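Below is one structure; the comments refer to it alone.
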Amino acid sequence: MDEKKLLDQIKEAARDAGRIMKEAGHPKISEKGGHANFVTETDEKIQAFLIDRLSKVLPEASFVGEEDGQDVFSRKMEHGYVFVIDPIDGTSNFISAYHPSVVSIGLLKDKGPYMGVIYNPYDDMIFEAVKGGGAYMNGTAINCTDAPLSDSLVAFGTAPYYTELRDETFRILKSLMSECVDIRRSGTAAWDMCCVATGKCAMYFEMTIQLWDYAAGALIATEAGCTVTDIKGNPLSYTGPSSALCRSKGVKEIPACFLE
Ligand code: IPD
Ligand code: CA
Ligand code: CA
């Protein structure tokens, strides 16, 4: 397989998907169930577009995508290639024109991360990584920061529909507030991991995210020098939901508030 050609084709698909996002105007919105859990016709349109495009790029690949009932990693996907797609990561941002929202495409091989591409169409920023090959933003190598938490921002996420995770999330945040410069909430987990990968933040965490939220971002951050695990330090499964903790080089230990 020509790895470079494959990556280029995935990036081209991500750029085209980003164009659809940027040109969407005011899409029709539906609730998926739970508080503030939305999907728009653009999420569905982009996912269908990407599945069509990427199945031509790598015909043997299976697909997991957030929308249209394609959201399960099945046992038969444990071997071979699986594209994991979040057509719009940051749907609430997208609906409210509160940028960014990104296209996230992970490619798994035999149940592990192989390639990751994240595209922010509003700032025309494309992030990419191939396992073992470093991480890049618009073609330039990126590295996380080695600054300590005390000199850095921390990003976090918490989906409004996981009401049961709120108390624990805000307990951890309250503790981290005194250990870091300040806290940020972007509204897109994939983007948060790109921010750690580029040294804007020293750390990102979330109590539950889905496979499509982290498949690309965790690889990009890892290839930029970060350590990405669940919040207790266990490896991510790459088959389903997980908590996530993305630490840059300066955050050598998992902060105690995660381990209480
Ligand atoms: C959400 C975003 C958000 C995170 C949520 C995700 P969506 O994805 O990544 O930052 O806090 O957990 O569900 O719904 O916008 O694709
Ligand atoms: Ca998402
Ligand atoms: Ca989404």
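Everything quoted here is computed from the prediction, not taken from an experiment. When a ligand or atom number is given, it counts from 1 through the structure's own listing order.
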### Query
Given side chains that start at C-beta, do those of Ile20 and Phe49 come closer than 4.5 Å, heavy atoms only?
yes
#### Entry: Given Trp212, Phe83, Phe73, the one that forms ring-ring contact (aromatic ring centres under 6.0 Å, His included) with Phe63
Phe83
#### Entry: Carboxylate-amine/guanidinium contact Asp192 Arg184, below 4.0 Å
no
### Query
Heavy-atom distance under 4.5 Å between the side chains of Ile209 and Glu206, does that happen here?
yes
Anything under 3.5 Å between an N or O on ligand 1 and a protein N or O? List each pair with its distance, or write none.
from, atom 1, to, atom 2, distance (Å)
ligand 1, 8 (O), Asp89, OD1, 3.0
ligand 1, 9 (O), Asp89, OD1, 2.7
ligand 1, 9 (O), Asp89, OD2, 3.4
ligand 1, 9 (O), Ala189, N, 2.9
ligand 1, 10 (O), Arg185, NH1, 3.0
ligand 1, 10 (O), Gly187, O, 3.1
ligand 1, 10 (O), Thr188, N, 3.1
ligand 1, 10 (O), Ala189, N, 3.3
ligand 1, 11 (O), Arg185, NH1, 2.9
ligand 1, 11 (O), Arg185, NH2, 3.4
ligand 1, 11 (O), Glu206, OE1, 3.2
ligand 1, 11 (O), Glu206, OE2, 2.6
ligand 1, 12 (O), Glu206, OE2, 2.5
ligand 1, 13 (O), Tyr161, OH, 2.9
ligand 1, 15 (O), Gly90, N, 2.7
ligand 1, 15 (O), Thr91, N, 2.8
ligand 1, 16 (O), Glu66, OE1, 3.2
ligand 1, 16 (O), Asp86, OD2, 3.3
ligand 1, 16 (O), Ile88, O, 3.2
ligand 1, 16 (O), Asp89, OD1, 3.4

### Query
Does the side chain of Ile10 come within less than 4.5 Å of Glu12's, by heavy atoms?
no
### Summary
One checks the Ca ion (ligand 3) and counts protein N, O or S atoms under 3.0 Å, reaching 3
### Message
Looking at Glu168 and Arg171, is there a salt bridge between them, counting it only when a charged N and a carboxylate O are closer than 4.0 Å?
### Response
yes
### Query
Do NZ/NE/NH1/NH2 and the carboxylate oxygens of Lys11 and Glu128 come within less than 4.0 Å?
yes
### Query
Do Phe258 and Leu176 come within less than 4.5 Å of each other through their side chains, counting heavy atoms only?
yes
### Query
Can you find a pair of side-chain heavy atoms, one from Tyr81 and one from Glu60, that are under 4.5 Å apart?
yes
